[in-house]
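Please read the structure below before turning to the comments.
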Amino acid sequence: TVQNFSEIPGLWRNGLANLYSFWKLDGFRNIHRVMVHNFKTFGPIYREKIGYYDSVNIIKPEDAAILFKAEGHYPKRLTVEAWTSYRDYRNRKYGVLLKNGEDWRSNRVILNREVISPKVLGNFVPLLDEVGQDFVARVHKKIERSGQDKWTTDLSQELFKYALESVGSVLYGERLGLMLDYINPEAQHFIDCISLMFKTTSPMLYIPPAMLRRVGAKIWRDHVEAWDGIFNQADRCIQNIYRTMRQDTNTHGKYPGVLASLLMLDKLSIEDIKASVTELMAGGVDTTSITLLWTLYELARHPDLQEELRAEVAVARQSTQGDMLQMLKMIPLVKGALKETLRLHPVAVSLQRYITEEIVIQNYNIPCGTLVQLGLYAMGRDPDVFPRPEKYLPSRWLRTENQYFRSLGFGFGPRQCLGRRIAETEMQLFLIHMLENFRVDKQRQVEVHSTFELILLPEKPILLTLKPL
Ligand code: HEM
Ligand code: 2DC
């Protein structure tokens with residue numbers, strides 16, 4: 001017989017006491033490890049209440065399938081209140097990330113056509129390929145200047161620039177110039193603001209931002225300053241395109257970028273377009289750059305695997321004579337490597353939905369309206385789901401039959417990551433160009449763990465050495 005909701009194991013009876021022990025365990029930065037620990041203690045389902053935030057947590061792919069079947073027509077994830085509070089405070093519209101219900105759906109349908117449908121890939125690839133080539137040229141220059149035939153560095157700043165240049169070129173159809181020696185300080189400020197925005201968000205998952213705002217807490221002020229910086233820079237970019245669009249009406253058949261396409265389509269209000277383009281620009285920096293950093297780290301730790309990937313890329317290059325769109329279809333192991341990176345080092349620690357119907361998971365009844373979270377980080381490291389989970393094995397993704405609700409790094413269904421195609425293409429092109437030009441190496445075998453700053457990040461700098469082939 002099916003058991004009642006209140007029988008689900010876990011700590012949910014005293015939210016405030018739990019918040020206190022969570023804080024004492026430094027749970028704010030260790031949410032992913034706390035979740036792994038909870039699954040070990042309570043089993044594949046547990047209920048939890050920390051502060052004001054009450055949820056049911058699951059870990060099995062089969063249960064994820066049940067969850068996503070119950071997400072309804074307007075899938076809703078946990079609201080990051082810090083983000084909505086900022087917009088309410090500054091009187092700014094919500095974009096697709098923060099909208100819900102019919103307003104979300106109508107915006108998302110139009111954005112899908114310009115951002116994630118297969119037809120736009122042909123437009124994105126040449127733009128992103130150029131950025132990839134420029135990145136490689138930049139690394140060659142750094143190596144030359146070092147006078148040592150190699151370059152040892154913490155690549156994260158370079159990768160932030162690569163990611164912003166990539167998403168910027170797709171959104172605006174023009175280059176921001178971040179692969180040059182002297183970059184616009186405003187662009188650098190934008191990058192710094194995004195990191196600060198994420199960092200200041202995580203404590204506010206548990207402490208209501210409205211309260212922090214009332215008491216004038218520094219964390220709230222920093223958060224506002226970070227978003228202000230993000231919106232100001234995005235506004236400048238958007239204004240720039242808007243101006244040039246009114247000057248020359250016909251753009252010689254050249255792809256004008258996502259923003260200009262949306263403006264010409266004229267199906268969303270300018271305010272809605274601005275709100276979502278700002279979110280896309282902000283969402284496109286730390287996510288892909290950190291995933292690429294983790295991938296290089298894994299390839300440095302697995303030199304034989306690195307050679308295998310290089311060989312795959314060489315064959316693909318040979319047989320397609322440089323037709324990039326074709327080449328991207330011939331690199332399954334490179335794609336497997338990215339999936340493997342997101343399995344061990346997911347950007348999002350969990351996926352969540354408010355279910356719109358009653359469901360039964362692990363023989364417990366869960367009522368309609370409950371927030372159900374899939375522990376993505378924990379699932380990626382569960383030996384029942386992935387045999388020998390500690391091993392970085394891109395080849396495990398080559399067999400499609402065993403992927404049922406296992407490859408969820410970008411979320412699932414109509415509410416999945418809107419930037420997914422941009423992210424995947426940008427990351428694949430990056431790896432192609434890097435593998436064709438450099439060998440990646442690292443100093444000692446030191447294990448690097450993740451820390452939670454709303455997204456999962458490496459807890460310490462990762463030093464890599466790049467050598468020309
Ligand atoms: C949403 C992951 C890159 C923009 C999401 C979600 C995840 C995710 C897990 C939630 C999906 C769900 O609830 O089912 C990632 C990962 C990335 C990445 C792993 C890179 C490795 C990007 C990029 C952009 C972006 C490059 C922008 C160009 C967004 C937006 C949403 C979103 C706008 C909200 C969509 C909605 O609510 O309708 N992402 N993301 N992401 N992401 Fe990404
Ligand atoms: C963080 O408990 C942990 O893609 C919380 O590009 C639940 C939660 C809710 C929403 C998730 C968030 C977590 C992690 C970061 C995500 C976010 C939805 C979108 C966002 C996954 C798992 C992200 C990084 C977007 C950010 C775009 C923004 C900067 C404009």
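All ligand and atom numbering here is 1-based and tracks the order in the structure. These figures come from a predicted structure and were not determined experimentally. Throughout, residue positions are numbered sequentially from 1 according to the sequence presented.
Neither side chain, K60 nor Q362, offers a donor N or O lying under 3.5 Å from an acceptor on the other. Residues R236 and Q233 have side chains that bring a donor and an acceptor to within less than 3.5 angstrom of each other. D192 and Q188 share a side-chain donor-acceptor pair at under 3.5 Å. For T341 and T291, the side-chain atoms include no donor-acceptor pair closer than 3.5 Å.
The aromatic rings of W220 and H223 are tilted relative to each other, their planes meeting at an angle between 30° and 60°.
Within the 4.0 Å heavy-atom shell around ligand 1 one finds R415. Ligand 1 does not have Q352 within reach: every non-hydrogen atom of the residue lies 4.0 Å or more from it.
The residue from N100, D272, D88 that alone fulfils the side-chain hydrogen bond (donor to acceptor under 3.5 Å, both in side chains) condition with Y94 is D88.
The distance between the ring centers of Y86 and F231 falls below 6.0 angstrom.
Electrostatic pairing of K199 and D222 does not count as a salt bridge here, judged by no charged N lying under 4.0 Å from a carboxylate O. Using a cutoff of 4.0 Å between basic side-chain nitrogens and carboxylate oxygens, E71 and R353 are scored as salt-bridged. D235 and R92 are joined by a salt bridge, as a carboxylate oxygen and a charged side-chain nitrogen come within less than 4.0 angstrom of each other.
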Name the atoms and distances for all side-chain donor-acceptor pairs under 3.5 Å in residues 158-167, with sequence neighbours left out.
unit_1	atom_1	unit_2	atom_2	d
E158	OE1	R138	NE	2.7
E158	OE1	R138	NH2	3.3
E158	OE2	R138	NH2	3.1
Y162	OH	E426	O	2.8
E165	OE1	G177	N	3.1
E165	OE1	L178	N	2.6
E165	OE2	R175	NE	2.5
E165	OE2	L176	N	3.0
E165	OE2	G177	N	3.2
S166	OG	Y162	O	2.9

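Applying the ring-ring contact (aromatic ring centres under 6.0 Å, His included) definition to pairs two or more places apart or across chains, those involving residues 57-80 are F68-F412.
With a 4.0 Å heavy-atom cut-off, ligand 1 is reached by the backbone of V96 and by its side chain too. By the criterion of a heavy-atom distance under 4.0 Å, both the backbone and the side chain of L280 are placed next to ligand 1. With a 4.0 Å heavy-atom cut-off, ligand 1 is reached by the side chain of R108 but not by its N, CA, C or O. Under 4.0 angstrom from ligand 1, the non-hydrogen atoms of W104 all belong to its side chain. Of all the heavy atoms of V115, none lies under 4.0 Å from any atom of ligand 1, so neither backbone nor side chain is involved.
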query = Hey, mind stepping through H433 and F135 against ring pair (Phe, Tyr, Trp, His ring centres under 6.0 Å) and telling me if it holds?
reply = CA-CA 9 Å; H433 289 299; F135 186 85; over 10 Å; no
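Checked by atom type and distance alone, the side chain of R415 pairs as donor or acceptor with a backbone atom of L97 at under 3.5 Å. Between the side chain of E48 and the backbone N or O of Y46, no donor-acceptor pair lies under 3.5 Å.
With E424, E426, R421, R353 as candidates, the residue nearest to atom 13 (O) of ligand 1 on a non-hydrogen basis is R353.
At the shortest separation from atom 26 (C) of ligand 1 among protein heavy atoms lies G284 CA, 3.4 Å. Nearest protein neighbour of atom 34 (C) of ligand 1, counting heavy atoms only, is L97 CD1, 3.5 Å. For atom 21 (C) of ligand 1, the closest heavy atom belonging to the protein is T291 OG1, 3.3 Å.
Short contacts between ligand 1 and G409, defined as distances under 4.0 Å to a heavy atom of the residue, involve ligand atoms 2 (C), 9 (C), 19 (C). For ligand 1, the atoms closer than 4.0 angstrom to any heavy atom of V167 are 28 (C). Those atoms of ligand 1 with a heavy atom of F412 less than 4.0 angstrom away are 14 (O). Listed by number with element, the atoms of ligand 1 under 4.0 Å from a non-hydrogen atom of L351 are 9 (C).
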For ligand 2, list all ligand N or O to protein N or O distances below 3.5 Å, rounded to 0.1 Å.
unit_1	atom_1	unit_2	atom_2	d
ligand 2	2 (O)	Y53	OH	2.7

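Stacking of R301 on the aromatic ring of Y392 is not recorded, the 6.0 Å distance cut-off and the 45° axial limit not both being met.
Protein N/O/S atoms closer than 2.8 Å to atom 43 (Fe) of ligand 1: C417 SG.
At least one side-chain heavy atom of L371 sits under 4.5 Å from a side-chain heavy atom of L78.
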